There are 2 protein chains.
Amino acid sequence: MTAVCTSNRATAGGRGRRGLSREVVVTAAIQIARRDGIDALSMRRLADELDSAPMSLYRHVSDREALLLAMLDDVATALVLPPVHPDPTSELSVVLRAIHTVLRNEPWLVHLLVVEGMASPAIMPAVERIFAALSRAGVPDGDIPAMYSLLWHYTEGEAMAAHHDRPDTLARSMFTAAVRETPESFPVVLRVSSQSARDSSLDYFQTNLAVLVRGVLPRSTGGDLE
Amino acid sequence: MTAVCTSNRATAGGRGRRGLSREVVVTAAIQIARRDGIDALSMRRLADELDSAPMSLYRHVSDREALLLAMLDDVATALVLPPVHPDPTSELSVVLRAIHTVLRNEPWLVHLLVVEGMASPAIMPAVERIFAALSRAGVPDGDIPAMYSLLWHYTEGEAMAAHHDRPDTLARSMFTAAVRETPESFPVVLRVSSQSARDSSLDYFQTNLAVLVRGVLPRSTGGDLE
DNA sequence: ACCTGAACACCGTTCAAGT
DNA sequence: ACCTGAACACCGTTCAAGT
């Protein structure tokens with residue numbers, strides 16, 4: 001019940017030279033990560049961007065890790081999911097595609113999820129919808145966590161790989177190097193890769209998601225899992 | 001034809017105080033990454049471990065990135081795959097499980113693959129076997145890269161997540177926090193998670209791999225992939 | 001010719017000194 | 001009471017000086 005301390009004139013908008021609020025800090029951090037990648041986001045760089053000293057940030061955020069968590073929480077809260085689809089197959093595709101689209105556009109987010117292993121309670125609604133769709137489709141309760149993990153990890157992994165594949169990293173060039181050296185050892189790789197050269201793995205997600213969902217959902221022909 | 005300079009008594013084994021070869025450097029680096037994680041592997045720390053100056057390392061390795069690539073190459077070359085299985089389903093399971101086992105035991109390796117996006121030509125034999133198995137199973141050539149990417153990314157992603165799940169990161173605790181706050185919003189998550197509390201996602205891989213392979217391979221009922 | 005110490009431009013964070 | 005400069009213990013890498 002003490003008087004509110006944040007009512008100085010210049011602080012109101014949160015944009016004034018000294019209007020350093022938690023929200024302003026987190027928003028600026030997201031902008032840096034978006035523009036220059038998560039590695040470029042240092043406490044010192046962030047302070048520079050905000051015209052303040054590095055130590056001033058620690059007033060609003062206890063840690064670098066706390067800052068990253070707050071960033072994740074911000075975008076997870078802002079995530080809007082498409083309306084619920086009654087058909088489980090469509091529902092899974094729709095929810096996972098919405099998440100995948102965000103991950104595709106925010107490499108730093110994928111980094112926080114995959115590399116730092118972070119998570120925000122704000123994506124729980126999405127999780128519930130996936131669980132519910134699996135349940136509605138007839139997946140037994142005991143199998144749902146495994147199926148969920150399958151779908152989720154693939155979505156994450158695909159997004160992660162996509163951010164690497166863009167500038168055609170060393171991966172592909174090393175592959176072709178090995179194939180060129182002893183082509184007779186890799187007949188199928190050679191045949192397949194010579195056939196379709198314009199595969200950016202970007203188009204894979206749609207197809208693969210369909211395959212996944214088809215594999216995950218029990219078909220009319222019984223539900224034996226193994 | 002100058003006299004060979006590396007033949008001082010102590011150098012022979014490559015272990016003596018000054019026996020700093022590329023192989024010794026890379027091996028020591030792998031040991032550090034294995035013991036204390038990839039983040040603990042700094043040029044300075046590595047130099048300390050080898051009783052030499054940080055700059056001496058640059059004689060044998062051009063870069064930190066080159067060092068990491070050499071480490072990856074080392075273990076990829078050492079990887080022994082199980083004998084070829086004629087049945088495509090078994091073949092896929094066997095190859096992917098062999099890779100998964102290595103990734104499970106070498107977190108730093110997963111980091112190089114997933115986070116740094118590195119690859120070594122030395123795993124091409126494994127790739128060829130996966131491609132060949134898919135082809136043998138009747139997957140059309142045009143779909144093989146997508147199916148491969150599906151299987152590979154899941155294997156990677158599962159291993160990555162496993163390394164995080166070990167110490168029960170914030171992820172799960174945040175989930176349960178959200179569920180506790182408004183349990184009525186997450187009925188299915190609540191029901192399913194209360195049922196099986198001992199799921200470590202470690203056991204998922206076996207099951208999920210079977211589901212994946214089942215989904216990937218065309219069934220006897222036609223091969224319409226959409 | 002080979003190796004390497006000092007130096008440069010960074011990093012997250014603590015701690016005590018500023019206003 | 002609030003903010004922050006200097007300092008600590010790191011980092012990868014360049015460059016010139018050592019032997």
Side-chain angles (χ1 to χ4, degrees), chain A residues 1-12 14-22 24-26 28-29 32-33 36-71 108 111-112 115-116 118, chain B residues 1-12 14 16-22 24-26 28-29 32-33 35-71 108 111-112 115-116 118:
Chain A
M1 308 292 179
T2 50
V4 190
C5 302
T6 47
S7 54
N8 338 358
R9 206 177 335 189
T11 315
R15 271 266 218 91
R17 290 268 288 99
R18 290 299 137 208
L20 214 50
S21 70
R22 182 184 166 92
V24 169
V25 169
V26 173
I32 292 175
D36 301 332
I38 195 76
D39 287 337
L41 175 62
S42 70
M43 300 302 274
R44 289 168 139 100
R45 162 83 189 274
L46 179 54
D48 268 7
E49 212 93 345
L50 291 168
D51 286 325
S52 71
M55 286 312 101
S56 308
L57 304 176
Y58 287 82
R59 284 272 134 204
H60 308 93
V61 137
S62 66
D63 226 343
R64 192 182 126 93
E65 193 186 346
L67 173 66
L68 297 178
L69 269 171
M71 292 164 66
W108 61 273
H111 181 97
L112 296 189
V115 184
E116 312 291 344
M118 290 176 170
Chain B
M1 302 304 172
T2 49
V4 189
C5 302
T6 48
S7 54
N8 337 359
R9 205 175 332 184
T11 317
R17 294 266 290 98
R18 292 297 137 210
L20 215 50
S21 70
R22 183 183 164 92
V24 170
V25 168
V26 173
I32 293 176
R35 274 204 301 263
D36 301 332
I38 195 77
D39 286 337
L41 174 63
S42 70
M43 301 302 275
R44 288 168 138 102
R45 162 82 188 274
L46 179 54
D48 268 6
E49 213 93 347
L50 291 168
D51 285 325
S52 70
M55 288 311 102
S56 309
L57 304 176
Y58 287 83
R59 286 269 135 205
H60 307 95
V61 138
S62 67
D63 224 343
R64 190 181 127 93
E65 193 185 347
L67 172 66
L68 297 179
L69 269 170
M71 293 164 65
W108 60 274
H111 181 97
L112 295 189
V115 184
E116 312 292 344
M118 289 176 170

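Within every chain, numbering begins at 1; the chains are lettered A, B, ... in the order of the sequence lines, protein sequences first and strands thereafter. Hydrogens, waters and symmetry mates play no part in the numbers below; they use all other heavy atoms, side chains included. Nothing here was measured: the structure is a model prediction, and the numbers come from that model.
- A:Asp48 has its CG atom 14 Å from the C1' atom of D:dT4, to the nearest Å.
- Comparing the P positions of D:dA9 and C:dA9 gives an interatomic distance of 22 Å, to the nearest angstrom.
- What separates CG of A:Asp51 from C1' of D:dC3 is a distance of 15 Å, to the nearest Å.
- The interatomic distance linking A:Arg59 (CZ) with D:dT4 (P) rounds to 10 Å, in whole Å.
- In terms of the side-chain contact (heavy atoms from CB on, under 4.5 Å) criterion, residue partners of B:Arg22 (sequence neighbours excluded) are, by chain and number, B:Val26, B:His60, B:Val61, B:Ala70.
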What N/O pairs connect the protein and nucleotides 12-15 of chain C at under 3.5 Å? Give each pair on its own line.
from	atom 1	to	atom 2	distance (Å)
C:dG12	OP1	A:Met43	N	3.1
C:dG12	OP2	A:Met43	N	3.0
C:dG12	N7	A:Arg44	NH1	2.3
C:dG12	O6	A:Arg44	NH1	3.1
C:dG12	O6	A:Arg44	NH2	3.3
C:dT13	OP1	A:Asp63	OD1	2.6
C:dT13	OP2	A:Tyr58	OH	2.8
C:dT13	OP2	A:Arg64	N	3.2

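- Listed here is the closest heavy atom pair of A:Ala29 and A:Leu46: N-CD1, 3.7 Å.
- For B:Arg45, the salt bridge (charged side-chain N to carboxylate O under 4.0 Å, His left out) test picks out B:Asp36, B:Glu49, with sequence neighbours left out.
- Heavy-atom minimum distance, A:Leu20 versus A:Ser56: CD2-CB, 4.0 Å.
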>> Counting Watson-Crick and G-U wobble pairs with both distances under 3.5 Å, what is the dot-bracket string for DNA chain C, 5' to 3', using [ ] for crossing pairs and | for pairs to another strand?
In response: ||.|||||...|||||.||
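- As rounded to whole Å, 11 Å separates atom P of D:dC2 from atom NE2 of A:His60.
- Straight-line distance from the CG atom of A:Leu20 to the C1' atom of D:dC2: 13 Å, rounded to whole Å.
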>> Let's go through A:Leu41 and A:Leu68 carefully: what are the C-alpha distance in whole Å and the side-chain angles of both, what is the deciding distance for side chain to side chain contact (heavy atoms under 4.5 Å, CB included) to 0.1 Å, and is it a yes or a no?
In response: CA-CA 10 Å; A:Leu41 175 62; A:Leu68 297 178; 4.1 Å; yes
> So B:Glu65 and B:Met118, side chain to side chain contact (heavy atoms under 4.5 Å, CB included) or not? Walk me through it.
Replying inline: CA-CA 10 Å; B:Glu65 193 185 347; B:Met118 289 176 170; 3.5 Å; yes
>> I'd like to know whether A:Leu67 forms a side chain to side chain contact (heavy atoms under 4.5 Å, CB included) with A:Leu57, so could you lay out the CA-CA distance, the side-chain angles of the two residues, the decisive distance to 0.1 Å, and finally the verdict.
In response: CA-CA 10 Å; A:Leu67 173 66; A:Leu57 304 176; over 6 Å; no
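- Among residues two or more places apart in sequence or in another chain, the salt bridge (charged side-chain N to carboxylate O under 4.0 Å, His left out) test is passed with A:Asp48 by none.
- Between the P atom of D:dC11 and the CD1 atom of B:Ile32 lies a distance of 11 Å, rounded to the nearest Å.
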